[in-house]
Amino acid sequence: MAARYQQIAQELREAIRQGEYAIGTLLPSEGELAAHYAVSRGTVRQAVAVLEQDGSVAARQGARRVVLGEVPTHSFAEMQSFSMWATSRGHRPGAKVLSVEVGVARQEEADRLRVSVGDDVLRLQRIRTLDDEPVMVERSFFPGLVAEHILAMDLTMGSITEQLTALGFVHAHGDHLIDAVSATTLEARLLGVRRGSPLLRQRWLASSPTGQPLAWSEDSYRHDAVIINVRNSMSANTLARLSGRDSTNGSPARTQGG
């Protein structure tokens with residue numbers, strides 16, 4: 001079950017979507033929201049912070065926030081899978097499995113997942129849907145230590161990340177490399193776009209608290225499906241710029257500032 005602040009954030013997001021809080025107007029104060037939801041100001045502050053992160057509201061001087069409206073953004077402020085993000089935004093995530101197999105690790109897979117060549121790896125390809133619309137082609141790779149658990153899951157629904165966390169495999173760290181690519185013939189057919197259409201590609205590596213890689217994935221989104229939101233500051237810079245030459249090896253971008 002979602003935490004109370006996440007529930008409040010979702011209710012506020014839905015209220016904005018329904019026009020109860022018009023774009024450009026001020027969101028009620030933290031005190032007013034705390035009284036309305038019968039929770040502490042701290043809980044409200046957490047809920048509003050979620051809305052700031054996804055672009056639904058913007059902070060202004062003082063305690064009030066300005067309503068910006070519904071923006072399809074995916075924030076890296078917290079570790080969220082596609083399913084967790086979609087659900088938190090009020091959408092219905094889904095998946096169609098294209099292929100799933102356990103095989104021996106090739107050199108590139110071994111390097112990324114920090115296993116030995118010849119060790120078991122799980123390869124999974126899916127089409128991800130948002131409210132039944134295909135929006136992303138997902139190619140994921142998992143080390144053998146989680147393969148058996150994933151094979152026991154329903155891979156057409158739910159979050160692999162969330163289910164692994166419940167089993168003790170916590171995705172604590174994430175490294176992301178984001179670039180633009182052209183849709184291949186296969187991707188165009190799967191996503192219902194023209195061959196060569198722009199896709200937003202996200203390559204990411206998720207690791208445990210001890211740094212053990214738990215998943216490597218290459219996700220190719222339709223360009224109109226999602227906006228990536230990255231927040232940084234002078235004291236905590238989590239954004240690194242790479243040239244195309246820097247990123248040709250396909251390694252994830254290491255975050256700056258921890």
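Model, not experiment: these values are computed from the prediction.
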>> Taking side chain to side chain contact (heavy atoms under 4.5 Å, CB included) as the definition, give me every residue that meets it alongside Thr43, ordered by chain and number, with sequence neighbours left out.
In response: Arg4, Tyr5, Ile8, Val39, Ser40
>> Clusters formed by hydrophobic residues whose side-chain heavy atoms approach within less than 4.5 Å: which one holds Val137, and what are its other members?
In response: Leu98, Ile127, Val181, Leu186, Leu190, Leu191, Val193, Leu199
Check whether any side-chain N or O of [X] sits under 3.5 Å from a backbone N or O of [Y] as a donor-acceptor pair, and report yes or no.
{"X": "Gln163", "Y": "Ser159", "answer": "yes"}
{"X": "Glu32", "Y": "Ser29", "answer": "yes"}
{"X": "Asp119", "Y": "Ser116", "answer": "yes"}
{"X": "Ser83", "Y": "Gly158", "answer": "yes"}
{"X": "Thr25", "Y": "Tyr21", "answer": "no"}
{"X": "Gln6", "Y": "Ala3", "answer": "yes"}

Between atom [atom1] of [X] and atom [atom2] of [Y], what is the distance when rounded to the nearest 0.5 Å?
{"X": "Arg41", "Y": "Gln46", "atom1": "CZ", "atom2": "CD", "result": "15.0 Å"}
{"X": "Gln212", "Y": "Leu113", "atom1": "CD", "atom2": "CG", "result": "8.5 Å"}
{"X": "Arg222", "Y": "Met136", "atom1": "CZ", "atom2": "CE", "result": "12.0 Å"}
{"X": "His171", "Y": "Leu214", "atom1": "NE2", "atom2": "CG", "result": "5.0 Å"}
{"X": "Ser56", "Y": "Arg17", "atom1": "OG", "atom2": "CZ", "result": "8.0 Å"}
{"X": "His176", "Y": "Asp219", "atom1": "NE2", "atom2": "CG", "result": "10.0 Å"}

>> Tell me which pairs pass salt bridge (charged side-chain N to carboxylate O under 4.0 Å, His left out) where either residue lies in residues 124-133, with sequence neighbours left out.
In response: Arg92-Asp132, Arg126-Glu138, Arg128-Glu138
> For residues 185-198, which residue pairs qualify under salt bridge (charged side-chain N to carboxylate O under 4.0 Å, His left out), counting only residues two or more places apart or in two chains?
Replying inline: Arg139-Glu187
> Between Arg203 and Glu218, is the closest basic N to carboxylate O distance under 4.0 Å?
Replying inline: no
> Above 12 or not: heavy atoms from other molecules or residues under 6.0 Å from CD of Glu148?
Replying inline: no
>> I'd like to know whether CE of Met157 has more than 12 heavy-atom contacts from other residues, nucleotides or ligands below 6.0 angstrom.
In response: no
>> Give me each pair satisfying ring-ring contact (aromatic ring centres under 6.0 Å, His included) with a member in residues 145-169, each pair once, sequence neighbours excluded.
In response: His149-Phe169
> Do any pairs count as a ring-ring contact (aromatic ring centres under 6.0 Å, His included) and have a residue in residues 99-130, sequence neighbours left out, and if so which ones?
Replying inline: none
>> Under the criterion salt bridge (Lys or Arg N to Asp or Glu O under 4.0 Å), I'd like the reasoning laid out for Arg106 against Glu109: C-alpha separation, chi angles, the key distance, then a yes or no.
In response: CA-CA 5 Å; Arg106 307 181 183 104; Glu109 296 164 343; 3.2 Å; yes
>> Set out, in order, the CA-CA distance, both residues' side-chain angles and the distance that settles side chain to side chain donor-acceptor pair (under 3.5 Å) for Trp204 and Asp175, then state yes or no.
In response: CA-CA 5 Å; Trp204 57 273; Asp175 292 308; over 6 Å; no
> Which is it for Gln7 and Glu11 under the side chain to side chain donor-acceptor pair (under 3.5 Å) test, yes or no, and what are the steps along the way?
Replying inline: CA-CA 6 Å; Gln7 295 173 351; Glu11 289 181 32; over 6 Å; no
>> If hydrophobic clusters are built by linking Ile, Leu, Val, Met, Phe, Trp and Tyr wherever their side-chain heavy atoms come under 4.5 Å apart, do Trp216 and Leu124 end up in the same one?
In response: no
>> Between Val115 and Leu145, is there shared hydrophobic-cluster membership here, with clusters defined by ILVMFWY side-chain heavy atoms closer than 4.5 Å?
In response: no
